[in-house]
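Computed from a predicted model, the values in this text were never measured in an experiment. The chains referred to below are lettered A, B, ... by the order of the sequence lines, with proteins before strands, and numbering in each begins at 1.
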Protein chains: 2
Amino acid sequence: MQLPQPIPRATTSDAVATRVRHLIITAALAPGERINEVRLSVHLGVSRTPLREALNRLAAEGALTSVTNHGYFVRPLTLDEFEQVYAIRPLLDPEALRLAGLPAARRLTRLKALNRKLADTTTADDAIAADDAWHLELLADCPNRVLVELIEGLMQRTRRYELALMRETRQVLRATDDHDQVHKALADGDLERACAALEHNLQSGRAPIVDWLTARQTKTEG
Amino acid sequence: MQLPQPIPRATTSDAVATRVRHLIITAALAPGERINEVRLSVHLGVSRTPLREALNRLAAEGALTSVTNHGYFVRPLTLDEFEQVYAIRPLLDPEALRLAGLPAARRLTRLKALNRKLADTTTADDAIAADDAWHLELLADCPNRVLVELIEGLMQRTRRYELALMRETRQVLRATDDHDQVHKALADGDLERACAALEHNLQSGRAPIVDWLTARQTKTEG
DNA sequence: CATCTTGTAACTGTATACAGTATGCAGCTG
DNA sequence: CAGCTGCATACTGTATACAGTTACAAGATG
């Protein structure tokens with residue numbers, strides 16, 4: 001008998017990773033902050049071992065950096081990293097959509113529903129979750145799962161920036177119109193136009209965050 | 001005084017990760033094999049803790065998979081994964097080269113030297129190392145380091161396949177001619193032609209490995 | 001004889017204990 | 001008083017111990 005495909009992974013490490021990831025994304029663990037393993041492990045009610053495994057993974061994801069004998073630090077939000085990470089998805093997502101091909105009617109319906117949900121969100125958290133859900137639904141038929149996983153990783157890496165912007169400036173990033181452009185192109189059966197619209201969408205969030213980061217950076221410099 | 005940029009990381013975990021990565025790449029740990037943590041830790045002369053941290057990282061890199069209460073398995077070589085991973089670099093590398101721009105004369109000289117070195121290699125190991133070195137030198141000026149790191153990760157992920165092919169079929173993948181095409185385009189100051197040549201190079205290694213994998217797959221099925 | 005049961009061994013996941021290294025302060029020295 | 005030195009403390013990195021789960025096999029049962 002073959003091993004089952006699904007990988008359960010219901011271990012404490014995973015739960016801890018999820019929780020700590022959330023702490024980082026929501027800035028409960030502030031950018032630049034040094035992580036005290038003992039304190040955090042006590043706070044989470046687990047021992048240091050699973051915590052360290054989680055921290056390790058988060059470091060691999062790019063949310064933390066680690067320095068020998070100094071421990072883990074929450075990666076600060078920098079303009080450089082943001083621009084670099086943000087520049088990559090426009091290379092990947094359109095290709096993934098191309099590979100996925102035109103969606104079935106059923107999927108297009110779902111996409112529109114998700115977009116309405118996005119329009120109705122009230123909190124930054126929900127907005128970003130809905131946006132990510134829309135993008136993943138769009139690529140659900142993409143046969144290159146490695147590519148999609150890569151995209152998911154990049155999503156998580158930019159999430160902190162988007163959340164921080166929305167939290168600190170009370171600005172809201174709404175991509176519903178962009179998404180509608182993609183819907184229209186897909187409904188017309190024009191995959192290339194959809195890809196172009198998607199690429200535009202993936203770049204449209206950039207400017208406000210860059211502005212905010214540069215403002216913040218020059219402020220902290222002075 | 002500011003902390004120094006370089007992150008030393010001279011810990012046992014890292015050493016172990018490197019060693020285990022090598023064991024996997026060279027198939028000393030065979031594809032599909034289950035990893036016995038106790039045995040391996042004894043073999044490496046360390047305790048289970050740093051070994052597990054290393055295994056965790058390798059799982060994040062995609063060389064291992066982990067199943068709860070069953071442990072880590074060396075990821076088998078599959079046609080699907082190979083095709084998916086291999087399809088990504090042609091999306092990333094040309095863009096990275098575009099961002100890097102035309103290389104200075106000095107760098108072009110180095111690239112040619114590395115390519116000669118590649119031509120002179122005798123073992124599969126050396127060939128792949130030299131090839132990777134050439135590609136990284138080509139992107140040395142790329143300001144998007146995140147992009148380059150992504151590319152490095154993909155390199156490591158395909159390395160196993162290339163090595164396995166060379167080992168099992170005694171076939172040698174030589175990309176020196178492809179690289180020369182890139183050199184010529186760069187010397188002509190034609191960045192786009194260089195990108196096109198690079199993209200071709202990144203796809204030219206695909207066919208032999210696909211052939212070998214399909215042959216192997218149908219063989220093991222029967 | 002096939003099938004289920006049960007007990008044991010092996011292994012992973014987690015907690016704890018220990019060792020080595022950095023940090024910060026008190027006291028000394030010039 | 002500035003700067004260095006040495007010690008105490010805190011924290012990370014590693015090893016070991018313990019707990020829970022799975023796999024396997026011998027024996028019981030129809």
Side-chain angles (χ1 to χ4, degrees), chain A residues 1-21 23-24 28-30 32-61 63-76, chain B residues 1-21 23-24 28-30 32-61 63-76:
Chain A
M1 184 172 60
Q2 197 150 341
L3 274 174
Q5 272 298 81
I7 299 166
R9 296 271 66 184
T11 165
T12 345
S13 289
D14 290 287
V16 169
T18 311
R19 289 188 60 183
V20 174
R21 192 180 293 117
L23 291 177
I24 295 172
L29 289 171
E33 185 174 338
R34 176 175 176 173
I35 288 183
N36 185 318
E37 296 179 5
V38 181
R39 266 218 317 267
L40 186 53
S41 69
V42 169
H43 177 73
L44 297 174
V46 299
S47 79
R48 277 178 63 212
T49 309
L51 172 60
R52 279 178 64 90
E53 294 206 350
L55 295 179
N56 226 323
R57 255 175 279 176
L58 293 170
E61 286 178 18
L64 298 173
T65 54
S66 77
V67 183
T68 318
N69 293 329
H70 288 244
Y72 293 86
F73 296 79
V74 181
R75 234 175 164 171
Chain B
M1 185 170 60
Q2 195 151 344
L3 275 174
Q5 271 299 80
I7 298 164
R9 295 273 68 183
T11 164
T12 341
S13 289
D14 290 286
V16 169
T18 311
R19 288 189 60 184
V20 176
R21 192 181 294 118
L23 291 177
I24 295 171
L29 290 171
E33 185 174 337
R34 176 176 177 174
I35 288 184
N36 184 318
E37 297 180 4
V38 181
R39 267 218 317 268
L40 186 53
S41 69
V42 169
H43 177 73
L44 296 174
V46 299
S47 80
R48 276 178 62 214
T49 310
L51 173 61
R52 277 178 65 90
E53 294 205 351
L55 295 178
N56 226 321
R57 256 175 278 176
L58 293 170
E61 287 177 17
L64 298 173
T65 55
S66 77
V67 183
T68 317
N69 293 330
H70 289 245
Y72 293 86
F73 296 80
V74 180
R75 236 182 163 164

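- In this structure, A/Arg34 atom CZ and D/dA10 atom P are separated by 13 Å, rounded to whole Å.
- Phosphate proximity of C/dT12 to B/Asn69: absent, as no side-chain N or O sits under 4.0 Å from OP1 or OP2.
- Of the inter-residue distances, the one linking A/Ser47 atom OG with A/Arg52 atom CZ reads 11.0 Å to the nearest 0.5 angstrom.
- Between the CG atom of A/Leu44 and the P atom of C/dA15 there is a distance of 11 Å, rounded to whole Å.
- One atom, CG of A/Asn56, and another, C1' of D/dT12, lie 13 Å apart when rounded to the nearest Å.
- Of the residues in residues 46-53 of chain B, B/Val46, B/Ser47, B/Arg48, B/Thr49, B/Pro50 come within less than 4.0 Å of DNA chain D through at least one heavy atom, sorted by number.
- The CD atom of A/Glu37 sits 9 Å away from the C1' atom of D/dG13 (whole-angstrom rounding).
- Using modelled atom types, one side-chain atom of B/Glu33 and one backbone atom of B/Ala30 make a donor-acceptor pair closer than 3.5 Å.
- Two residues are said to be in side-chain contact when any heavy atoms from C-beta on lie closer than 4.5 Å; B/Arg21 and B/Glu61 meet this criterion.
- With rounding to the nearest 0.5 Å, the separation of CG in B/Leu29 from CD1 in B/Ile35 is 5.0 Å.
- For the OP1/OP2 pair of D/dG13 and a distance below 4.0 Å, the side-chain nitrogens and oxygens of A/His70 include no atom meeting the criterion.
- Backbone-only engagement by B/Ile35 is indicated by non-hydrogen atom pairs under 4.0 Å involving sugar-phosphate atoms exclusively.
- Put simply, OH on B/Tyr72 and CG on B/Leu58 are 9.5 Å apart, with the number rounded to the nearest 0.5 Å.
- Residues satisfying the side-chain hydrogen bond (donor to acceptor under 3.5 Å, both in side chains) criterion with A/Arg48, sequence neighbours excluded, are A/Glu37.
- Residue A/Phe73 contributes atom CZ, which lies 13 Å from atom P of C/dA22 at whole-angstrom precision.
- Straight-line distance from the CG atom of B/Asn36 to the C1' atom of C/dT12: 10 Å, rounded to whole Å.
- Taking atom OH of residue A/Tyr72 and atom C1' of nucleotide C/dA22, one finds them 17 Å apart after rounding to whole Å.
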